[in-house]
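Reading through the structure tokens given below for one structure.
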Amino acid sequence: MKWLTFTFLAFILMLLLWATSDLPSRANPQSPANVHLSPEFTKLTETEIHVPNIVSAILADFRGYDTLGETFVIFTAGLAVLLVLSSHGRKKKDPPKK
Amino acid sequence: MNQPYESTILKFIAKNFLVPLMVVFAIYVLIHGESSPGGGFQAGAIFASAIILVRLIGANTQTQGSKGLPMPLLIIAASTGLGIYVVTGILAQLFGANYLDYAAIPLQWFNEFAGENRTNRAMGMWIIELGVFLGVASVLVIIFDLLSKDPEND
Amino acid sequence: MIELISERFPYWATMLLLVIGLYAMLGKRSLLKKIIGLNIFQSAIILFFISGSMREGGSVPIIEGLHSGAHPHPEDFVNPLPHVLMLTAIVVGVAITGVALSFLVRIQREFGTLDESILLEEVRE
């Protein structure tokens with residue numbers, strides 16, 4: 001069973017390393033992630049929002065829905081932990097034998 | 001609850017120096033979130049670590065009993081944070097814009113009160129980051145409190 | 001050769017970290033170690049996004065002197081969008097870890113162990 005896991009992981013690692021050869025080189029200003037959509041954010045931050053921190057501007061204004069959903073996720077996680085671990089209304093069980 | 005570790009120097013430094021510093025730094029990161037690195041998420045995490053540090057060194061056992069901040073207060077704080085966010089969005093709708101479009105909310109009176117020159121959008125961003133701060137900080141403390149709770153001493 | 005390594009090294013390190021996290025999730029029997037593997041996996045993805053946001057000659061995405069009329073050029077800053085995405089991903093990661101740890105506490109209370117194989121046998125009975 002152990003060798004099967006390691007073979008699978010080596011296969012995955014080879015696949016991923018092969019896939020990195022298709023990625024643009026590091027810090028390339030002309031890579032697709034750098035030329036598409038992010039220059040517009042910088043320009044709109046200057047003209048529309050007028051705050052210095054571009055990351056905050058994107059987080060709270062351009063992607064406000066995303067952050068709203070994020071806050072819901074955090075809140076739901078707190079509720080889930082509360083429901084899983086709160087001991088109200090749960091009968092006492094015997095301690096396990098083992 | 002287990003007996004806290006009895007090292008007086010560590011306790012003294014953490015209680016009297018580190019915790020106030022972390023609280024002040026969290027508020028600084030929250031307020032300056034638009035003009036320097038920071039924001040609601042980061043400030044909430046720093047503030048929650050300050051409270052968790054108080055829990056870890058057991059400094060609250062002398063002052064407030066073994067409970068510290070009670071759980072209902074934390075749940076109310078988390079709900080308030082989420083509520084601030086949602087209500088800000090609905091407020092923008094009431095002033096005739098889209099949901100979460102802060103430019104429509106009239107907040108210029110606060111600029112005159114504080115003597116600053118900020119846009120409506122910057123003010124709206126600050127308000128929702130306050131909501132995110134409350135939500136993140138209280139939920140992190142809720143998770144820590146429940147995970148460290150001893151079921152026998154309930 | 002040196003150029004190739006300096007260009008590709010962040011990606012290789014990320015992929016290695018990803019596989020280490022995957023190994024901890026697949027190969028370890030303790031559920032706690034699986035959660036640690038989940039966190040390593042997530043850190044690898046965060047590092048991948050952050051290294052993808054680099055731009056040659058870019059600095060911190062904060063516009064200096066905006067209120068005194070400076071005009072920013074997008075080429076002067078690193079790509080801010082991946083930073084935003086990863087900022088939210090980190091917080092969601094903390095929430096996921098909290099929920100997973102709470103499940104582990106319940107499992108430990110009910111069964112007295114976190115070993116996967118023992119748990120599977122107990123569930124089958």
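Note that these values count all heavy atoms, side chains included, but never hydrogens, waters or copies made by symmetry. This is a predicted model, so every value here is computed, not measured. To find a chain, count down the sequence lines: A is the first, B the second, and so on, and within it residues start at 1.
Residues of residues 81-89 of chain C that come within less than 4.5 angstrom of chain A, heavy atom to heavy atom, are C/Leu81, C/His83, C/Val84, C/Leu85, C/Leu87, C/Thr88, C/Ala89 in numerical order. Within residues 30-37 of chain A, the residues that have a heavy atom under 4.5 Å from a heavy atom of chain C are A/Ala33, A/Asn34, A/Leu37, listed by number. Proximity to chain A at a heavy-atom threshold of 4.5 Å picks out C/Leu26, C/Gly27 from residues 25-46 of chain C, in numerical order.
Contact annotation for C/Ser53: only backbone heavy atoms (N, CA, C, O) come within less than 4.5 Å of a heavy atom of chain A. Contact annotation for A/Thr20: both backbone and side-chain heavy atoms come within less than 4.5 Å of a heavy atom of chain C. Looking at C/Arg55, the atoms closer than 4.5 Å to chain A (heavy atoms on both sides) sit in the backbone and in the side chain alike. Residue contact with chain C, scored on non-hydrogen atoms closer than 4.5 Å, is absent for A/Phe62. For C/Phe49, no part lies under 4.5 angstrom from a heavy atom of chain A.
Interface remark: of the candidates C/Val60, C/Val92, C/Leu4, C/Val92 forms the most heavy-atom pairs closer than 4.5 Å to chain A. Interface summary for chain C: among A/Thr5, A/Ile12, A/Val55, the most heavy-atom pairs under 4.5 angstrom belong to A/Val55. Interface remark: of the candidates A/Pro39, A/Gly78, A/Ala80, A/Ala10, A/Pro39 forms the most heavy-atom pairs closer than 4.5 Å to chain C. Ranked by heavy-atom pairs under 4.5 Å with chain C, the first of A/Thr76, A/Leu23, A/Leu4, A/Leu16 is A/Leu23. Among C/Ala95, C/Gly98, C/Ser6, C/Pro72, the residue with the largest count of heavy-atom pairs under 4.5 Å with chain A is C/Pro72.
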Donor-acceptor pairs are to be reported for all side-chain atoms of residues 10-24 of chain C against protein atoms at under 3.5 Å, with residues two or more places apart or in another chain.
from: C/Tyr11; atom 1: OH; to: A/Pro24; atom 2: O; distance (Å): 2.9
from: C/Thr14; atom 1: OG1; to: C/Pro10; atom 2: O; distance (Å): 2.7

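With rounding to the nearest 0.5 Å, the separation of CZ in A/Phe72 from CG in A/Leu79 is 11.0 Å. Atoms CD1 and CD1, from A/Ile54 and C/Ile63 in turn, are 4.5 Å apart once rounded to the nearest 0.5 Å. Atoms CZ and CZ, on A/Phe41 and A/Arg63 in that order, are 6.5 Å from each other to the nearest 0.5 Å. The structure places CD of A/Glu70 at 15.0 Å from CZ of A/Phe75, a figure rounded to the nearest 0.5 Å. Put simply, NZ on A/Lys43 and CD on A/Glu46 are 10.0 Å apart, with the number rounded to the nearest 0.5 Å. Note: A/Thr42 OG1 to C/His71 NE2 = 14.5 Å, rounded to the nearest 0.5 Å.
Inter-residue side-chain proximity for A/Thr7 and A/Phe11 is flagged as unmet; no heavy-atom pair is nearer than 4.5 Å. You'll find the side chain of C/Pro74 stays beyond 4.5 Å of the side chain of A/Ser38, heavy atoms only.
Here the closest heavy-atom approach between residue C/Ile62 and residue C/Phe77 is recorded as O-CE2, 3.6 Å. Residue C/Ser102 comes nearest to C/Val99 through the heavy atom pair OG-O, 2.6 Å, listed as atom of the first residue, atom of the second, then distance. Summarising the geometry of A/Ala57 relative to A/Val51, their closest heavy-atom pair is CB-CG2, 3.9 Å, with the distance given to 0.1 Å. Across all non-hydrogen atoms, the minimal contact from C/Glu7 to A/Arg26 is O-CB, 3.5 Å.
Within a 6.0 Å radius of CD in A/Glu40, other residues, nucleotides and ligands contribute more than 12 heavy atoms.
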